[in-house]
Amino acid sequence: MSFGTEFYARPVLEVARDLIGCVVEHHGLAGTIVETEAYHESEPACHAFVGVTPRTRTLFGEPGVAYVYRSYGIHALLNAVCEPAGVGAAVLIRALEPLVGIEEMRERRGRVRVQDLCSGPGKLTQALGVELAENGTSLIDGPVVIRRGDGGQGGPPVVEGTRIGITKAVDLRWRFCAVGNSHVSRPRP
DNA sequence: CATGGGATTGACT
DNA sequence: GTCAATCCCATGC
């Protein structure tokens with residue numbers, strides 16, 4: 001069962017931490033979230049910092065929606081829109097531990113180790129086949145769905161660190177990783 | 001309308 | 001360690 005909008009309509013840091021251990025599904029493929037980052041309109045690394053534009057419209061919209069955008073002209077990056085509508089905030093899904101459909105992921109990603117299939121935000125969208133056209137779609141009804149993990153209450157132990165690949169607000173420790181998981185992207189915290 | 005900069009990755013030195 | 005690929009879109013004239 002997927003989460004309701006109330007799960008996403010909370011402070012983005014809480015959602016980012018709680019998403020570790022949850023499962024992303026897309027077209028029958030699935031993986032467990034092992035790494036996330038939080039972004040909020042109050043800090044300049046967030047796309048929403050500049051206010052509402054055609055690009056950031058999704059970020060300011062309903063929580064529980066996918067924000068998918070193109071990075072460096074090449075990769076699609078998957079985010080979960082958070083906080084109440086009107087607040088620009090989202091959780092970037094940075095890495096998954098593959099669960100279902102590993103062979104199909106390998107067909108898209110090439111002959112790499114399982115640890116490298118989804119160990120980065122651009123890698124996991126390629127492995128799952130998530131595209132730009134899915135920007136603005138529901139994470140509750142699909143095609144991309146996030147649901148509770150099978151690991152029981154509370155999820156796995158989480159370690160926090162600084163966000164990766166940004167040039168502004170670099171000191172905020174808004175990156176969350178599953179402790180000791182080999183599917184987390186480099187550098188490991 | 002022209003320009004410049006990325007929430008990255010993989011190949012190469 | 002360095003570096004190019006590649007394109008959307010925010011910004012400024």
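In what follows, chains carry the letters A, B, and so on, assigned in the order in which the sequence lines appear, proteins first and then strands, with residues in each chain numbered from 1.
- Of the candidate nucleotides dA7(B), dT6(C), dC7(C), dA7(B) has the atom nearest to the side chain of Tyr69(A).
- Among the nucleotides dC8(C), dA7(B), dA5(C), the one closest to any side-chain atom of Asn79(A) is dA7(B).
- Whole-Å rounding puts the Ile74(A) CD1 to dC3(C) P distance at 17 Å.
- Stacking is found between Tyr39(A) and the pyrimidine-like six-membered ring of the dA7(B) base under the 5.5 Å centre-distance and 30° plane-angle cut-offs.
- Of the listed nucleotides (dT11(C), dA7(B), dT6(C)), dT11(C) has the atom at the smallest distance from the side chain of Val50(A).
- Two residues are said to be in side-chain contact when any heavy atoms from C-beta on lie closer than 4.5 Å; Glu83(A) and Pro63(A) fail this criterion.
- Regarding Gln115(A), its CD atom lies at a distance of 18 Å from the C1' atom of dG10(B), rounded to whole Å.
- The partner of dT6(C) cannot be assigned: no Watson-Crick or G-U wobble pair with both contacts below 3.5 Å exists in any strand.
- Residue-to-nucleotide proximity on DNA chain C shows that, of His75(A) and Leu132(A), the 5′-proximal contact is made by His75(A).
- The distance from atom CG of Leu77(A) to atom P of dC9(C) is 14 Å, rounded to the nearest whole Å.
- The side chain of Arg55(A) lies closest to dA10(C), out of dA5(C), dA10(C), dG10(B).
- Distance check: Glu37(A) CD to Leu13(A) CG gives 11.5 Å after rounding to the nearest 0.5 Å.
- Whole-Å rounding puts the His47(A) NE2 to dT11(C) P distance at 12 Å.
- Atom-to-atom, CZ of Arg186(A) to P of dG1(C) comes out at 13 Å; the value is rounded to the nearest Å.
- In terms of hydrophobic clustering, with Ile, Leu, Val, Met, Phe, Trp and Tyr side chains grouped at heavy-atom distances under 4.5 Å, Val15(A) and Phe3(A) are assigned to a common cluster.
- Within 4.0 Å (heavy atoms only), Ile166(A) reaches sugar-phosphate atoms of the nucleic acid but no base atom.
- For the pair Arg70(A) CZ and dG5(B) C1', the interatomic distance rounds to 16 Å; values are reported in whole Å.
- Residue contacts shown for Arg109(A) are limited to sugar-phosphate atoms, with no base heavy atom under 4.0 Å away.
- Picking from dC8(C), dT8(B), dA7(B) the nucleotide with the shortest atom distance to the side chain of Tyr67(A) gives dA7(B).
- Within 4.0 Å of Arg94(A), counting heavy atoms only, lie sugar-phosphate atoms of the nucleic acid but no base atom.
- Scanning both residues, Leu19(A) and Ala80(A), for their nearest heavy atoms gives CD1-CB, 4.5 Å.
- Hydrophobic clustering keeps Ile33(A) apart from Val179(A) (ILVMFWY residues linked when any side-chain heavy atoms are closer than 4.5 Å, directly or through intermediates).
- Which of dG6(B), dA10(C), dA7(B) sits closest to the side chain of Pro54(A) comes down to dA10(C).
- Of the candidates dT9(B), dC8(C), dT8(B), the closest approach to any side-chain atom of Lys123(A) belongs to dT9(B).
- For the pair Arg148(A) and Phe7(A), the cation-pi test (distance below 6.0 Å, angle within 45°) is failed.
- Atom-to-atom, CG of Leu59(A) to P of dA7(B) comes out at 12 Å; the value is rounded to the nearest Å.
- Following rounding to the nearest Å, Tyr72(A) (OH) and dG10(B) (C1') show an atom-to-atom distance of 14 Å.
- For the OP1/OP2 pair of dA7(B) and a distance below 4.0 Å, the side-chain nitrogens and oxygens of Ser71(A) include no atom meeting the criterion.
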